[in-house]
Amino acid sequence: MNNGARRFDRRLFCTLLNVLIALPLAARADMASEFVSYYQNAHVEGRDLIRGPQIPLDTSSIASRLDLQTVSPKAALSGSAFLSADGAVIKLAGVQGCLSTEPMEFAGVQTTCAMISLAGMTATLDEAKAGAGDAFPCHVFAQNPGRPTVRFAECFFVENGAVRSLSEALIRKGLAFAARDRAGRPVFPEYLQAEETARGEQAGIWANGQFTHPYHPVNPSTN
């Protein structure tokens, strides 16, 4: 494991401990904190409150009609979604957070895959914001009507001078899975390759030898 991976694992471990401590506490600050707490608690209980896209996503648009919008993330809501500063929910189209609540050990802590996935999103958002002044660009594929506004997007950040996908980073670190469509096909085939690499290297959740992929058969809530 390289030094960068070790540093991230230490940050993730600290984030996981903070999430474990903070989640049982009642939200005190304002409506936004109550909203975040509600979604985070649902996620660690194995429930995804964010509905899938109501229209098919044209994923080819990211290559043919790239339209980047600046997004300032406020807090992770799940292993694959976060709240933006404008009050919208940003759901990453290419990644699916883990919802398994089976007990497992990670970095010496007894936890669950859902907790690891939420902590991983929190730590990776912090990492992405650090290199971009608390904001980064996202390509929005579609938006569900109603409240809260849910935008389905892929987001990007710069790491060591290279542009990286936030979804790919989560998958590559073994913190989430490549999203599949209802037929079981990966939304982005390259992310499935990243998942297979993480699994082969026993990164993140794959370090637990007893862990089995929870999305085979495909979870119907996946995009």
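A quick note: this is a predicted structure, and the numbers were derived from the prediction, not measured.
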Considering non-hydrogen atoms only, spot the tightest contact between [X] and [Y] and give its length.
X: S117; Y: G97; value: OG-CA, 3.4 Å
X: V44; Y: A114; value: CA-CB, 4.0 Å
X: F188; Y: G94; value: CD1-CA, 3.7 Å
X: M115; Y: T111; value: CB-OG1, 3.1 Å
X: R51; Y: F152; value: O-CZ, 3.3 Å

Where do D48 and L99 land on the side chain to side chain contact (heavy atoms under 4.5 Å, CB included) test, with the steps shown first? CA-CA 8 Å; D48 189 350; L99 293 171; 3.9 Å; yes

Side-chain contact, heavy-atom cut-off 4.5 Å: Y39 with P148? yes

Below 4.5 Å, heavy atoms only, C-beta onward: do M104 and C113 meet side chain to side chain? yes

Would you list the atom pairs, donor with acceptor, under 3.5 Å between side chains in residues 73-83 and any protein atom, with sequence neighbours excluded?
unit_1	atom_1	unit_2	atom_2	d
S78	OG	S80	N	3.1
S78	OG	A81	N	3.2
S80	OG	K91	NZ	3.4

Mind checking the [atom1]-[atom2] spacing from [X] to [Y]? Nearest 0.5 Å is all I need.
X: L68; Y: T70; atom1: CG; atom2: OG1; value: 8.0 Å
X: T124; Y: D126; atom1: OG1; atom2: CG; value: 8.5 Å
X: S72; Y: D134; atom1: OG; atom2: CG; value: 6.0 Å
X: L192; Y: R199; atom1: CG; atom2: CZ; value: 10.5 Å
X: S165; Y: I62; atom1: OG; atom2: CD1; value: 7.5 Å
X: R164; Y: C155; atom1: CZ; atom2: SG; value: 14.0 Å

Apply side chain to side chain contact (heavy atoms under 4.5 Å, CB included) to the pair V95 and L166, showing each step before the final yes or no. CA-CA 9 Å; V95 67; L166 183 60; over 6 Å; no

Could you point out which residue of E201, E195, Q193 forms a side chain to side chain donor-acceptor pair (under 3.5 Å) with R172? E201

With Y191, which of E196, E154, R180, E168 fulfils side chain to side chain donor-acceptor pair (under 3.5 Å)? E154

Does a donor on one side chain sit under 3.5 Å from an acceptor on the other, for N41 and S37? yes

I'd like to know if I90 and I55 are part of one continuous hydrophobic network [Ile/Leu/Val/Met/Phe/Trp/Tyr, side-chain heavy atoms within less than 4.5 Å]. no

Just distance, no hydrogens or angles: give the donor-acceptor pairs under 3.5 Å from side chains in residues 140-147, sequence neighbours left out.
unit_1	atom_1	unit_2	atom_2	d
Q143	OE1	R151	NE	3.1
N144	OD1	Q54	N	3.0
N144	ND2	G52	O	3.0

